Amino acid sequence: MNIKFMGAAAALVLGAALAGCGGKQQFAVQGTITGLSNAGLVLANGSDTVSVPAGATTFTMPKTIDYGASFNVVVQTQPAHQTCTPATATSTGSAGHTLSINAVISCVHNSYALGGKFTGLYANNDATSTTAATPRTVVLLNGTTGGQLSVSSAMADTNTPGAGFFNFAAAVRFGDAYGVTILSQPSDVNCTLTNGSGIMPESNVSNIVLTCVPKT
């Protein structure tokens, strides 16, 4: 028997079966998840929702949808201390556009800014009639992986000379420890830190204080 004829016949049988059932081909609204380590994630496709346990790498919505029906998988509730984001290219569309639905959800831990203020850090007294004073700089270090930060007198607020604010470039993940120390400072000043260590809360930390005074 001709193979093409057999394929066409099978398609006719399948179509007749679907028509006989009075319905269309059904598609599971499902997908993959990366980075989920905490509980609380709830995904939704319209009114259809599913709670996803911590550590899950896949999900399937309770209800299937008809061929041609649209879907839009969104995050209804974020997991504790994390933010999950559906990939637009895979989380929205119409059933049957691809062989199966595979909405990709990516989760990351929430991270927050680490910083504070400095006082008493003035530029050097070496200005001339043609050149500005060179700045004084204190280098801060956040542990072994949090990076370095150069706090310069040039960062001072114009209305409050010698004082200003700073933030490390690298945010710190919720629940991680931070420990800021002075790596280097000008030889003619004595700088100290307060509130330099702690556990990152679910908010930015801005209470580190760098205080510098002239050496006597």
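Bear in mind the structure is a predicted one, so any value in this text is a computation, not a measurement. This chain uses plain numbering: 1 for the first residue, then up along the sequence.
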Which heavy-atom pair separates N190 from K215 by the least distance, and what is that distance?
N-CG, 4.0 Å
Pairs involving residues 176-186, ordered by first then second residue, that meet side-chain hydrogen bond (donor to acceptor under 3.5 Å, both in side chains) (sequence neighbours left out):
none
Output all residues satisfying ring pair (Phe, Tyr, Trp, His ring centres under 6.0 Å) with F168, sequence neighbours left out; order by chain, then residue number.
none
Only counting residues at least two apart or in another chain, list the ones meeting side-chain hydrogen bond (donor to acceptor under 3.5 Å, both in side chains) with D188.
R136
The reported gap from CD1 in I208 to CZ in F118 (rounded to nearest 0.5 angstrom) is 14.0 Å
Taking atom types as modelled, find out whether H109 and T83 have a side-chain donor-acceptor pair closer than 3.5 angstrom.
no
Could you check whether any side-chain N or O of N142 sits under 3.5 Å from a backbone N or O of G147, counting only pairs where one atom can act as donor and the other as acceptor?
no
Where Q82 and G35 come nearest, the two heavy atoms and their spacing
NE2-O, 2.8 Å
Could you give the distance from CD (Q148) to CG (L183), rounded to the nearest 0.5 Å?
5.0 Å
Sort out for me which residue in L140, L141, V151 forms a side chain to side chain contact (heavy atoms under 4.5 Å, CB included) with I182.
L140
Check whether any side-chain heavy atom of V138 lies under 4.5 Å from a side-chain heavy atom of P186, and answer yes or no.
yes
Compare all side-chain heavy atoms of V29 with those of I65 and state whether any distance is below 4.5 angstrom.
yes
Roughly how far, to the nearest 0.5 Å, is the SG atom of C107 from the CG atom of N38?
9.5 Å
Is any side-chain heavy atom of V73 closer than 4.5 Å to a side-chain heavy atom of F59?
yes
Looking only at heavy atoms, which two atoms of V74 and P86 are closest? And how far apart?
CA-CG, 4.2 Å
Kindly indicate whether the side chain of V180, heavy atoms from C-beta on, has any atom under 4.5 Å from the side chain of L114.
yes
How long is the straight-line distance from OH of Y67 back to CD of Q26, given to the nearest 0.5 Å?
13.0 Å
Closest heavy-atom pair, S150 versus V139, reported as atoms and distance to 0.1 Å, is OG-CG2, 3.9 Å
Non-hydrogen side-chain atoms of M200 and V205 separated by less than 4.5 Å
yes
Quiz question: by atom type and distance under 3.5 Å, do the side chains of E202 and N110 form a donor-acceptor pair?
yes
Close side-chain approach of T49 to L43, heavy-atom, < 4.5 Å
no
Name all residues meeting the ring pair (Phe, Tyr, Trp, His ring centres under 6.0 Å) criterion together with H81; count only those two or more places apart in sequence or in a different chain, and write none if there are none.
F174
Who passes side-chain contact (heavy atoms from CB on, under 4.5 Å) against D48, sequence neighbours left out?
M61, P62, K63
With heavy-atom distances below 4.5 Å as the criterion, would you say the side chains of T119 and C212 are in contact?
no
Looking only at heavy atoms, which two atoms of C84 and Q78 are closest? And how far apart?
N-OE1, 2.7 Å
Under 3.5 Å donor-acceptor pairs involving side-chain atoms of residues 92-106, not counting sequence neighbours:
residue: T92; atom: OG1; partner: T88; partner atom: O; Å: 3.1
residue: T98; atom: OG1; partner: S100; partner atom: O; Å: 2.7
residue: N102; atom: OD1; partner: T32; partner atom: N; Å: 3.4

For the residue pair S51 and L41, establish whether any side-chain heavy-atom pair is separated by less than 4.5 Å.
no
I'd like to know if F166 and Y112 are part of one continuous hydrophobic network [Ile/Leu/Val/Met/Phe/Trp/Tyr, side-chain heavy atoms within less than 4.5 Å].
yes
Return the OG to NZ distance between S206 and K117, rounded to the nearest 0.5 Å.
9.5 Å
If you compare all heavy atoms of A156 against all heavy atoms of G162, which two are closest, and at what distance to 0.1 Å?
CB-N, 3.6 Å
Please round to the nearest 0.5 Å and tell me the distance separating atom CG of L210 and atom OG1 of T194.
8.5 Å
